[in-house]
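Contents: one structure, followed by commentary.
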Amino acid sequence: MPVKWVLHWQPNAGTMVNSQILSEVSQCAESINGVKDGRWKTTLTFYRPNLRDPSLPAEFPRDFMGISLLEQPNKYYFIIRGQKIILEADSSILTIMEKLQSYKSKVALNFEGVLYKLGDFQLKIGKVAPSTSESLRGIMMEVEYLPISSVEKSRQVMEEFLNIWREAVAKKSLPGQFMHMEPNYAEYGLLDNYTSQHTAVQYATALAQLIATVQQPPGQPMRN
């Protein structure tokens with residue numbers, strides 16, 4: 001499948017992320033001839049075990065993330081960042097988990113916005129918000145290069161595209177920038193040939209970078 005990069009918006013020190021920034025970032029996509037092609041949504045859920053006796057030593061993860069991806073509606077992905085484990089399961093696993101009651105959802109975050117087509121690229125730009133509210137907690141962008149499925153071979157063209165993108169953003173003098181933190185895929189046992197598991201790991205990594213702003217109380221400045 002095509003290579004993707006997942007980027008998070010890093011606000012400048014002392015500034016806040018808001019809907020106006022999201023709107024102007026979306027305008028940047030149109031300024032470089034991006035064409036709207038529908039909407040997208042990804043949901044990431046934090047799970048914690050239902051412990052009858054929390055004092056007992058656990059032989060299972062204390063927490064992990066689950067993620068559903070638009071392009072794989074019949075799959076569900078689990079990421080345990082501490083042990084660098086990524087698992088792909090059938091989406092019916094959610095029904096099983098609900099019946100077993102062994103883990104509970106602590107918090108769920110939605111990533112949703114507009115999909116843009118731009119030549120050989122696809123851009124997904126959207127907000128990060130808790131599933132229980134419309135409160136904007138961050139901005140994410142997913143860049144997909146359709147012709148190449150090799151992580152290494154795509155790197156140069158992705159960097160070149162991001163340079164063009166950053167020039168478009170710079171013209172608006174916005175208080176922040178998109179950051180790309182590429183995971184070490186080999187640590188998760190992932191190879192050079194890109195898969196949806198690579199995407200899931202990227203969302204977990206990007207969210208870890210965004211977590212300080214996600215947890216920031218509303219109305220407070222967000223810090224680097």
Side-chain angles (χ1 to χ4, degrees), residues 1-10 40-112 124 126 128-132 137-144 149-152 179-216:
M1 66 178 294
V3 171
K4 299 181 181 184
W5 280 11
V6 178
L7 302 91
H8 70 282
W9 180 260
Q10 180 66 57
W40 65 280
K41 182 178 179 180
T42 291
T43 301
L44 193 150
T45 305
F46 290 86
Y47 292 97
R48 287 283 175 86
N50 273 325
L51 297 177
R52 290 180 176 81
D53 185 352
S55 65
L56 293 176
E59 296 181 3
F60 45 83
R62 286 287 182 178
D63 58 76
F64 61 85
M65 287 179 264
I67 185 167
S68 61
L69 300 173
L70 178 69
E71 65 269 21
Q72 296 284 6
N74 298 320
K75 300 291 184 182
Y76 198 71
Y77 299 88
F78 295 103
I79 304 105
I80 307 173
R81 294 189 72 244
Q83 285 78 33
K84 299 290 189 273
I85 295 172
I86 171 76
L87 298 172
E88 179 180 285
D90 189 276
S91 57
S92 61
I93 189 70
L94 294 173
T95 305
I96 297 171
M97 288 175 65
E98 191 173 330
K99 290 180 178 178
L100 290 176
Q101 290 288 301
S102 53
Y103 281 85
K104 60 184 175 182
S105 168
K106 182 187 176 190
V107 63
L109 294 170
N110 290 333
F111 305 80
E112 56 184 322
K124 294 175 183 172
V128 183
S131 60
T132 53
R137 296 299 190 181
I139 300 171
M140 300 285 274
M141 179 172 73
E142 186 182 298
V143 181
E144 182 175 11
S149 59
S150 162
V151 173
E152 287 300 324
M179 305 292 291
H180 178 241
M181 306 292 289
E182 186 170 28
N184 184 340
Y185 294 123
E187 290 183 341
Y188 288 87
L190 299 176
L191 305 176
D192 180 64
N193 190 48
Y194 196 86
T195 68
S196 294
Q197 293 186 38
H198 290 71
T199 303
V201 169
Q202 281 198 81
Y203 268 98
T205 302
L207 190 62
Q209 302 299 319
L210 191 70
I211 206 75
T213 60
V214 169
Q215 293 184 337
Q216 194 75 20

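These numbers come from a predicted model, not from an experiment. If you read the sequence from its start, that first residue is 1, and numbering goes on from there.
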Rounded to the nearest 0.5 Å, how far apart are CG of Leu87 and CZ of Phe78?
8.0 Å
Phe46 and Leu109: side-chain contact (heavy atoms from CB on, under 4.5 Å), yes or no, with the steps?
CA-CA 9 Å; Phe46 290 86; Leu109 294 170; 4.2 Å; yes
How would you list, by chain and number, every residue that makes a side chain to side chain contact (heavy atoms under 4.5 Å, CB included) with Lys84, sequence neighbours excluded?
Glu187, Tyr188
Taking all non-hydrogen atoms of both residues into account, name the closest pair between Leu69 and Ser196 and its distance.
CD1-O, 3.7 Å
What distance separates Leu7 CG from Glu182 CD, expressed to the nearest 0.5 Å?
10.5 Å
Can you tell me how far apart CG (Asn50) and CG (Leu100) are? Round to the nearest 0.5 Å.
11.0 Å
Checking side-chain contact (heavy atoms from CB on, under 4.5 Å) for the pair Phe111/Lys124: CA distance, chi angles, key distance, verdict?
CA-CA 10 Å; Phe111 305 80; Lys124 294 175 183 172; over 6 Å; no
Quick one: sort the Tyr76 and Tyr47 rings into parallel, tilted or perpendicular, breaks at 30° and 60°.
perpendicular
Does the gap between the ring centers of Phe64 and Tyr103 come in under 6.0 Å?
yes
Scanning both residues in full, the closest heavy-atom pair of Thr205 with Pro183 reads OG1-CG, 3.5 Å
How far does CD of Glu88 sit from NZ of Lys75, to the nearest 0.5 angstrom?
4.5 Å
Looking only at heavy atoms, which two atoms of Lys41 and Leu70 are closest? And how far apart?
O-CB, 3.9 Å
Can a side-chain donor-acceptor contact be found between Ser131 and Asn110 if the only test is distance below 3.5 angstrom?
no
Donor-acceptor pair, Gln202 side chain versus Lys4 backbone, under 3.5 Å?
yes
Give the minimum heavy-atom separation between Ile79 and Ala200, together with the two atoms involved.
CD1-O, 3.8 Å
Given Thr199, which of Tyr77, Tyr194, Trp5 fulfils the side-chain contact (heavy atoms from CB on, under 4.5 Å) condition?
Tyr194
Would you name the heavy atoms of Thr42 and Ser68 that are closest together and state the gap between them?
CG2-O, 3.2 Å
Donor-acceptor pair, His198 side chain versus Leu191 backbone, under 3.5 Å?
yes
What's the shortest heavy-atom distance between Lys104 and Pro49, and which atoms?
CE-O, 4.4 Å
Hey, what do you get for NE2 (His8) to CG (Leu207), rounding to the nearest 0.5 Å?
10.0 Å
